Amino acid sequence: MRRQKRVAAIHDISCLGRCSLTVALPILSAAGIETAVIPTAVLSTHTGGFSGYTYRDLTQDILPIVDHWQGLSLEFDGIYTGFLGSVEQVDIVMTAFDRLKGQDTLIAVDPVMADFGKLYPLFPPHFPAEMRRLCAKADLIAPNLTETALLLDEPYREGPNTWEDIHRMLRGLRGLGPKRVVITGVSFDGERLGAVSLDGQTGQTDYAAAKRIDPMYHGTGDIFASALTAALLHGRTLAQASEAAVRFTVDSIARTKAAGTDSRFGVNFEAGLTGLRALIENA
Ligand code: PXL
């Protein structure tokens, strides 16, 4: 039997609110991938819409975890990073890449730092420049439109988007170093919303989208990026992986909308987990 795929997921634990590790771990596991985790910080909730949350920075714990793993002769098929707990973690995570990656390890960086035109208040103004350095080390990046603007050091513009602009952004992000680029939250008509992708190896551009559902629910970027990473580790093309990840995310949003849940508590992706493997294989 072929060895089970293994990924290291490096994100915070927001104890409540369904984002970062509390979605990455179940999604990757349901996709059949062994998932080791490195928590970057522990918060009582995520920072999107809650006040008074606790915050424990785990910057000092990351490399000791990596060092311990290094002694265990493990192979990682993927390293997948998201929300980092401090600016210093950028260099630390780059060191983790160097220590843990093998020849064929997929390095997936979701440059979680901003939304709705604004950098998260937790991060200093030079954080995007640091995140740009991390993206340069990645095989795949999956920013939203706000993160794209920050990475390209240009002003954020409200959608709908034009293909001309999106092509320019995809090329700009590719120019930072990653072979594959996905931009989320893209709409060309205001009615459909989805992800554009550029596979630098084949030159193929794709748009995976579905009917837009409001309001914007928390954690959907993390759900998308986790499903995308899982599908790529299963050998799907970037276009197929984006299709599967959009479907999985949108179905989760639709269930949550029907239930009338407060958007801060994230979306019901749990009900889709049993079908995730088939969704990935048939995309
Ligand atoms: O979903 C992205 C995310 C992850 N982790 C924390 C966050 C956010 C977005 O606000 O606050 C702690």
Side-chain angles (χ1 to χ4, degrees), residues 8-28 35 37-59 61-62 79-90 92-93 108-125 127-128 130-131 134-135 138 140-151 156 182-185 193 195 213 215-230 245-246 248-250 252-253 256 261-270:
I10 308 179
H11 307 245
D12 72 287
I13 298 177
S14 287
C15 299
L16 182 94
R18 287 188 287 199
C19 66
S20 37
L21 275 183
T22 65
V23 309
L25 177 56
I27 290 171
L28 288 157
T35 306
V37 300
I38 302 184
T40 57
V42 179
L43 298 82
S44 50
T45 65
H46 59 70
T47 66
F50 296 103
S51 57
Y53 51 82
T54 67
Y55 191 95
R56 183 169 303 275
D57 173 14
L58 296 179
T59 302
D61 293 80
I62 298 176
I79 305 175
Y80 162 39
T81 75
F83 181 98
L84 301 185
S86 66
V87 188
E88 298 76 55
Q89 287 188 14
V90 170
I92 289 175
V93 166
V109 170
D110 185 0
V112 174
M113 60 179 164
D115 217 343
F116 308 114
K118 288 206 166 57
L119 185 67
Y120 294 145
L122 224 57
F123 295 125
F127 192 70
E130 291 296 298
M131 196 48 104
L134 191 65
C135 289
L140 165 79
I141 62 171
N144 61 31
L145 279 165
T146 306
E147 290 154 353
T148 296
L150 289 169
L151 289 171
Y156 169 75
V182 178
I183 304 177
T184 61
L193 190 70
I213 303 173
M216 295 306 231
Y217 288 89
H218 196 89
T220 51
D222 299 341
I223 288 176
F224 173 84
S226 301
L228 180 77
T229 302
V246 165
F248 184 72
T249 308
V250 169
S252 305
I253 295 171
T256 312
T261 314
D262 181 332
S263 62
R264 293 178 305 170
F265 295 110
V267 294
N268 178 0
F269 67 95
E270 293 89 342

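Both ligands and their constituent atoms are indexed starting at 1 by order of listing. Note that this is a predicted model, so its numbers are computed, not measured. Sequential numbering from 1 along the given sequence is applied to the chain's residues.
Listed by atom number, the atoms of ligand 1 under 4.0 Å from Leu43 heavy atoms are 12 (C).
Side-chain atoms of Phe83 and His46, non-hydrogen and from C-beta on, never get closer than 4.5 Å to each other. Counting only heavy atoms from C-beta outward, the side chains of Leu151 and Met113 approach each other to under 4.5 Å. The shortest side-chain heavy-atom distance between Pro39 and Leu21 falls under the 4.5 Å cut-off.
The side chain to side chain contact (heavy atoms under 4.5 Å, CB included) check on Leu25 picks up Ser29, Thr35, Val37, with sequence neighbours excluded.
Counting heavy atoms under 4.0 Å from ligand 1, residue Val112 touches it through the side chain alone.
Residue pairs that meet the salt bridge (charged side-chain N to carboxylate O under 4.0 Å, His left out) test with at least one member in residues 44-53, sequence neighbours left out, do not exist here.
By the 4.0 Å heavy-atom criterion, His218 is counted among the residues contacting ligand 1. Using a 4.0 Å cutoff on heavy atoms, Ser14 counts as a contact of ligand 1.
When only non-hydrogen protein atoms are considered, atom 11 (O) of ligand 1 lies nearest to Thr47 OG1, 2.6 Å. Nearest protein heavy-atom contact of atom 1 (O) of ligand 1 is Asp222 OD2, 2.8 Å.
At least one N or O atom of Asp12, backbone or side chain, sits closer than 3.5 Å to an N or O atom of ligand 1.
Aromatic ring centres of Tyr80 and His11 lie closer together than 6.0 Å.
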